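There's a structure below that I have some questions on.
This one's a predicted model, so the numbers in the text were calculated from it and none came from an experiment. Throughout, protein chains are lettered first and strands after them, A, B, ... in sequence-line order, and every chain is numbered starting at 1.
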Amino acid sequence: MRFSRLLVPTTKETPNDATLASHIFLIRGGFIQSVGGSGLYNFLPLGKKVLDRVRSVVKEELDNAGCQEVSLSFVTPASLWEESGRYEKYGKELLRFKDRKDNEFVLGPTHEEMMVNLVRQSVKSYKQLPLNLYQINLKFRDEIRPRFGLMRGREFLMKDGYSFHTDEADMKREFDLMEETYKKIFTRLGLEFRVVEADSGAIGGSGSKEFMVLADSGEDTIVVCDGCDYGANIEAAVRQEKQCDAPAPQLENEKVHTPDASTMEELALFFNVDPFYLVKTVAMRALYDEGKSQIVLFALRGSDELQEVKACNAVDANELVEVSEEELEAAGLVPGFMAPFDTPKEVRVIVDTTLKGATNMICGANEKGYHTTGNTIEGDFAYRDIVSVQEGDACAKCGGTLRYTKGIEAGHIFQLGTRYSEPLGCTFLDENGKAKPMVMGTYGIGVSRLLAAIIEQHHDEKGCIWTKESAPFDLYIMVSNIKDKAQLALGEEVYIALQSAGIDVLFDDRKDRFGAKMKDYELIGIPHAVIIGKKLSDGLVEFVTREGMVKEEVSAEEIVSFVQERLC
RNA sequence: CGGAGUGUAGCGCAGUCUGGUAGCGCACCUGGUUUGGGACCAGGGGGUCGAAGGUUCGAGUCCUUUCACUCCGACCA
């Protein structure tokens with residue numbers, strides 16, 4: 001491709017809304033263009049090329065693993081979402097609309113329902129299973145706050161795959177195969193990543209793993225172990241049960257007047273104990289379908305923090321919101337002095353598992369200004385893991401030290417089970433002619449987000465540094481001064497020779513000066529460049545590696561074979 | 001949805017306080033010079049100042065309403 005014919009509107013200035021390197025360089029390098037609406041982008045020729053290359057890596061590896069590509073309608077009937085029960089649950093992120101006949105539709109944010117619908121219509125026998133179908137298509141989610149360019153757009157390109165099995169064991173086999181396949185994909189794209197345990201979120205199902213591209217700018221906090229390969233999203237991370245060296249308060253079971261102490265810090269000071277021996281009671285309102293809600297008290301140790309996603313899952317709610325003191329009082333609770341015991345009937349109580357059987361605990365007395373000491377946590381509570389792992393906690397797997405790091409969620413794989421096949425009636429007949437729901441897995445990769453992730457990991461202060469398999473072109477050739485006949489002639493010759501050798505070349509034949517062209521090269525970030533310039537009079541050209549901007553002088557006569565060797 | 005801010009040429013911004021010919025830089029077009037780190041000179045094109053209403057002889061500027069976007073938070077496969 002000749003640069004003079006390519007639409008690459010590079011800019012010197014940074015768009016005022018861009019803060020992340022990937023956002024800045026993708027816009028400045030003329031890869032993408034903001035549509036003006038938030039979270040919507042056009043892909044310009046260069047961006048489209050990168051997208052296609054990334055997409056083909058994904059496709060190749062999936063096809064190798066035995067997956068089959070399909071393409072599902074982007075517009076999906078609302079009735080399918082009602083069947084699965086997600087029409088309500090998915091909330092405002094679903095963009096709903098009606099056609100001229102007043103039928104309701106949804107722009108697909110994910111396609112479990114659609115794929116299950118496809119399969120239930122065409123697969124009836126165990127002989128047709130297993131099956132792994134995927135597509136690489138647009139998705140639309142009406143995000144509350146899109147940001148960071150391609151990182152969190154409203155419209156985005158996603159690879160979504162769905163597998164169908166006769167039993168759990170076969171689904172797990174496929175799940176493991178997909179984990180390996182995803183590792184190959186991210187490795188080929190040149191990404192440093194970590195596979196972590198994750199929360200299953202709105203998709204539902206049991207085990208799930210996320211593929212986190214490590215980057216400080218990542219939106220997710222992940223917990224990793226210094227001692228082993230354990231890694232988990234903060235929303236799903238677990239730890240070894242915490243011990244406390246400080247002595248337990250040896251106090252009778254009695255009511256104590258604590259007028260000014262309602263926070264954990266104040267209480268710890270008042271009783272002179274470690275917060276480990278305090279019961280923290282956090283009140284939240286759990287929201288359910290059809291506007292139903294309930295106040296829930298979460299009881300945990302004073303030394304722990306509530307992990308909201310875990311808490312939300314523990315009560316199977318759509319979401320948790322804060323409750324005002326007035327609401328609490330109206331429900332018969334005493335803010336600041338609540339206990340998980342003797343609560344009003346309509347209030348639900350969840351107790352952290354590490355509190356089960358705990359003795360000598362101090363907690364609220366359900367009376368303003370009073371706490372009780374010497375409590376033992378026992379009885380019929382719903383015990384769940386609802387606490388957040390903190391840095392420095394011990395790894396449940398090896399005892400090593402856990403710490404936080406940031407990641408970009410680039411892929412997520414789920415063991416779904418029958419979460420969708422059952423409500424949607426996606427069944428098969430087994431060897432005995434008995435109908436059973438198919439066991440499913442689902443596997444996603446944020447393809448357009450990967451572009452942003454690659455740049456987050458591979459850039460310098462000057463611009464992008466694309467990896468070998470993601471680069472828009474394999475090589476950039478610059479003719480420093482196109483009025484110099486010798487330079488131009490060599491450029492043309494090398495360009496044609498390398499093109500016909502199967503190398504995808506961007507040939508910069510523009511009239512601009514050296515500096516301007518160099519800036520563009522650095523911004524666009526093609527892995528290698530050949531610069532034909534002044535030294536041609538000595539029979540020399542330069543071979544540049546974008547990473548580190550390493551320049552090597554090469555004889556002009558040998559440049560074609562030199563490049564071929566270096567690029568293979 | 002809470003808090004803060006911004007809407008003026010394709011992009012980045014000034015002008016708004018104190019009403020009086022709509023400006024600057026980049027980009028773009030023409031001609032010339034220039035060609036190893038975002039060149040220079042000369043000329044040129046491009047705007048319902050987010051929208052609606054109001055005050056005024058006169059509104060980018062003042063008043064009212066409204067819409068959109070951005071940032072922080074909440075939220076989020």
Side-chain angles (χ1 to χ4, degrees), chain A residues 8-20 23-24 27-28 30 33-40 86 89-94 108-112 139 141-149 151-154 156 158-161 196 198-205 208-212 219-221 233 235-236 284 287 308-309 312 318-322 408-414 416 419 442-446 449 462-463 478-484 487-488 510-523 531-537 540-542 544 549 551:
Chain A
V8 203
T10 58
T11 63
K12 230 191 296 194
E13 285 180 280
T14 300
N16 68 348
D17 58 341
T19 48
L20 282 196
H23 190 189
I24 292 170
I27 299 265
R28 282 194 49 210
Q33 178 187 55
S34 168
V35 178
S38 65
L40 303 176
R86 281 210 291 186
K89 182 157 180 155
Y90 218 106
K92 287 188 180 162
E93 263 184 57
L94 275 185
T110 173
H111 279 175
E112 280 79 11
K139 295 283 176 284
R141 291 181 194 173
D142 202 355
E143 295 272 358
I144 304 171
R145 186 142 107 77
R147 60 187 122 177
F148 305 143
M151 199 70 92
R152 180 174 295 281
R154 289 199 291 177
F156 57 100
M158 177 168 169
K159 169 263 157 179
D160 49 322
V196 304
D199 171 62
S200 301
I203 298 284
S208 91
K209 287 185 179 179
E210 285 170 335
F211 290 73
M212 290 289 184
E219 292 189 86
D220 290 271
T221 299
N233 192 300
E235 296 171 354
M284 303 286 279
L287 304 184
E308 267 196 44
V309 173
C312 188
N318 293 348
E319 70 177 296
L320 294 180
V321 294
E322 289 186 10
I408 299 163
E409 182 189 348
H412 200 157
I413 59 178
F414 297 82
L416 266 189
R419 164 68 182 84
T442 178
Y443 321 95
I445 293 179
R449 177 180 284 181
K462 292 173 173 170
M478 186 213 294
V479 172
S480 177
N481 178 0
I482 63 161
K483 287 210 175 146
D484 181 318
Q487 286 183 20
L488 184 60
R510 291 175 303 169
K511 196 171 162 279
D512 298 61
R513 296 160 69 97
F514 176 84
K517 286 190 268 201
M518 205 58 196
K519 291 282 186 206
D520 275 346
Y521 167 68
E522 286 162 340
L523 184 56
I531 295 174
I532 299 168
K534 274 189 163 167
K535 287 178 184 152
L536 183 60
S537 48
L540 293 173
V541 298
E542 281 169 299
V544 178
M549 287 304 288
K551 296 181 181 174

Practice problem: May I have the distance from A/Leu488 (atom CG) to B/U35 (atom P), rounded to whole angstrom? | Solution: 16 Å
Quiz item: If you look at every strand shown and take non-hydrogen atoms under 4.0 Å, does A/Lys511 touch a base, only sugar-phosphate, or nothing?
Solution: base
Quiz prompt | Whole-Å distance separating the CD1 atom of A/Ile531 from the P atom of B/U35 | solution = 19 Å
Quiz item: Knowing that exactly one of A/Arg510, A/Lys511, A/Gln487 qualifies, which makes a side-chain contact (heavy atoms from CB on, under 4.5 Å) with A/Ile482?
Solution: A/Lys511
Exercise. Round to a whole Å and report the spacing from CG of A/Asn481 to P of B/U34.
Key: 11 Å
Quiz item: Does one side chain, of A/Glu210 or A/Asn233, offer a donor that lies under 3.5 Å from an acceptor on the other?
Solution: yes
Exercise. For B/A51 versus B/G12, give the span between their C1' atoms, rounded off to a whole number of Å.
Key: 24 Å
Exercise. Identify, between A/Leu320 and A/Thr19, the residue whose nearest nucleotide on RNA chain B lies closer to the 5' end.
Key: A/Thr19
Exercise. With heavy atoms under 4.0 Å as the rule, sort A/Glu522 into base, sugar-phosphate or nothing.
Key: base
Quiz item: Contact class for A/Glu210 vs. all strands (heavy atom < 4.0 Å): base, sugar-phosphate, or nothing?
Solution: sugar-phosphate
Quiz item: In whole Å, what separates the P atom of B/U61 from that of B/G54?
Solution: 14 Å
Quiz item: Contact class for A/Asp520 (heavy atom, under 4.0 Å): base, sugar-phosphate, or nothing?
Solution: base
Practice problem: Output yes when a side-chain donor or acceptor of A/Lys517 lies under 3.5 Å from a complementary backbone atom of A/Asp512, and no otherwise. | Solution: yes
Quiz prompt | Under 3.5 Å donor-acceptor, A/Arg28 side chain and A/Thr11 backbone | solution = yes
Quiz item: What nucleotide, of B/G38, B/G25, B/A74, holds the atom closest to the side chain of A/Thr10?
Solution: B/G38
Quiz item: Is there a donor on the side chain of A/Glu542 or the base of B/G36 sitting less than 3.5 Å from an acceptor on the other?
Solution: yes
Quiz item: Taking atom CZ of A/Arg154 and atom CD of A/Glu93, what is their separation to the nearest 0.5 Å?
Solution: 11.0 Å
Practice problem: Using atom CG of A/Asp142 as one end and atom C1' of B/C69 as the other, report the distance to the nearest whole Å. | Solution: 15 Å
Practice problem: Give none if B/G73 has no partner; otherwise give the nucleotide forming a Watson-Crick or G-U wobble pair with it, both distances under 3.5 Å. | Solution: B/C1
Quiz item: How many angstroms lie between atom CD1 of A/Ile24 and atom CZ of A/Phe148, to the nearest 0.5 angstrom?
Solution: 11.0 Å
Practice problem: Using Watson-Crick or G-U wobble geometry with both distances below 3.5 Å, tell me the partner of B/U30, or none. | Solution: B/A42
Quiz item: Within the modelled atom types, does a donor on one side and an acceptor on the other bring the side chain of A/Asp512 and the base of B/G38 under 3.5 Å apart?
Solution: no
Practice problem: Would you please confirm or rule out a distance under 4.0 Å between OP1 or OP2 of B/U35 and any side-chain N or O of A/Lys483? | Solution: no
Quiz prompt | Base-pairing mate for B/G25 - Watson-Crick or G-U, with both contacts under 3.5 Å | solution = B/C11
Exercise. Using Watson-Crick or G-U wobble geometry with both distances below 3.5 Å, tell me the partner of B/A59, or none.
Key: none
Quiz prompt | Closest-nucleotide 5' rank along RNA chain B - winner of A/Lys12 and A/Phe156 | solution = A/Lys12
Quiz item: Between B/G36, B/G73, B/C76, which nucleotide gets closest to the side-chain atoms of A/Arg147?
Solution: B/G73
Practice problem: Identify which nucleotide among B/G38, B/C72, B/C76 has an atom closest to any side-chain atom of A/Glu143, counting heavy atoms from C-beta outward. | Solution: B/C76
Self-check item: d(NZ, A/Lys534; C1', B/U34) in whole Å
Solution: 12 Å
Quiz item: Ignoring hydrogens and angles, are the base of B/G36 and the side chain of A/Lys519 linked by a donor-acceptor pair under 3.5 Å?
Solution: no
Quiz item: B/U34 C1' sits how many Å from A/Arg513 CZ, rounded?
Solution: 6 Å
Practice problem: Could you tell me whether the side chain of A/Ser480 and the main chain of A/Phe514 form a donor-acceptor pair under 3.5 Å? | Solution: no
Quiz item: Between the base of B/C76 and the side chain of A/Arg152, is there any donor-acceptor pair under 3.5 Å?
Solution: yes
Quiz prompt | Base-pairing mate for B/U6 - Watson-Crick or G-U, with both contacts under 3.5 Å | solution = B/A68
Exercise. Using a 4.0 Å heavy-atom cut-off across all strands, classify A/Lys551 as base, sugar-phosphate, or nothing.
Key: base
Quiz item: How long is the line joining CG of A/Asp199 and P of B/C75, in whole Å?
Solution: 13 Å
Exercise. Would you mind classifying the nucleic acid contact of A/Pro9 as base, sugar-phosphate or nothing, using non-hydrogen atoms under 4.0 angstrom?
Key: nothing
Quiz prompt | Mate of B/U48 where both pairing distances stay under 3.5 Å, Watson-Crick or G-U | solution = none
Quiz item: Could you give the CD-to-P distance, from A/Gln33 to B/C11, as a whole number of Å?
Solution: 9 Å
Quiz item: Which is true for A/Arg510 with a 4.0 Å heavy-atom rule: it touches a base, it touches only sugar-phosphate, or it touches nothing?
Solution: nothing
Practice problem: Please work out if A/Gly533 contacts a base, only the sugar-phosphate, or nothing of the nucleic acid, heavy-atom cut-off 4.0 Å. | Solution: base
Exercise. Scan every strand shown for a Watson-Crick or G-U wobble partner of B/G19, both distances under 3.5 Å, and answer none if you come up empty.
Key: none
Practice problem: Using the salt bridge (Lys or Arg N to Asp or Glu O under 4.0 Å) rule, take A/Glu112 and A/Arg86 through it: C-alpha gap first, then chi angles, then the decisive distance, then the call. | Solution: CA-CA 11 Å; A/Glu112 280 79 11; A/Arg86 281 210 291 186; 2.9 Å; yes
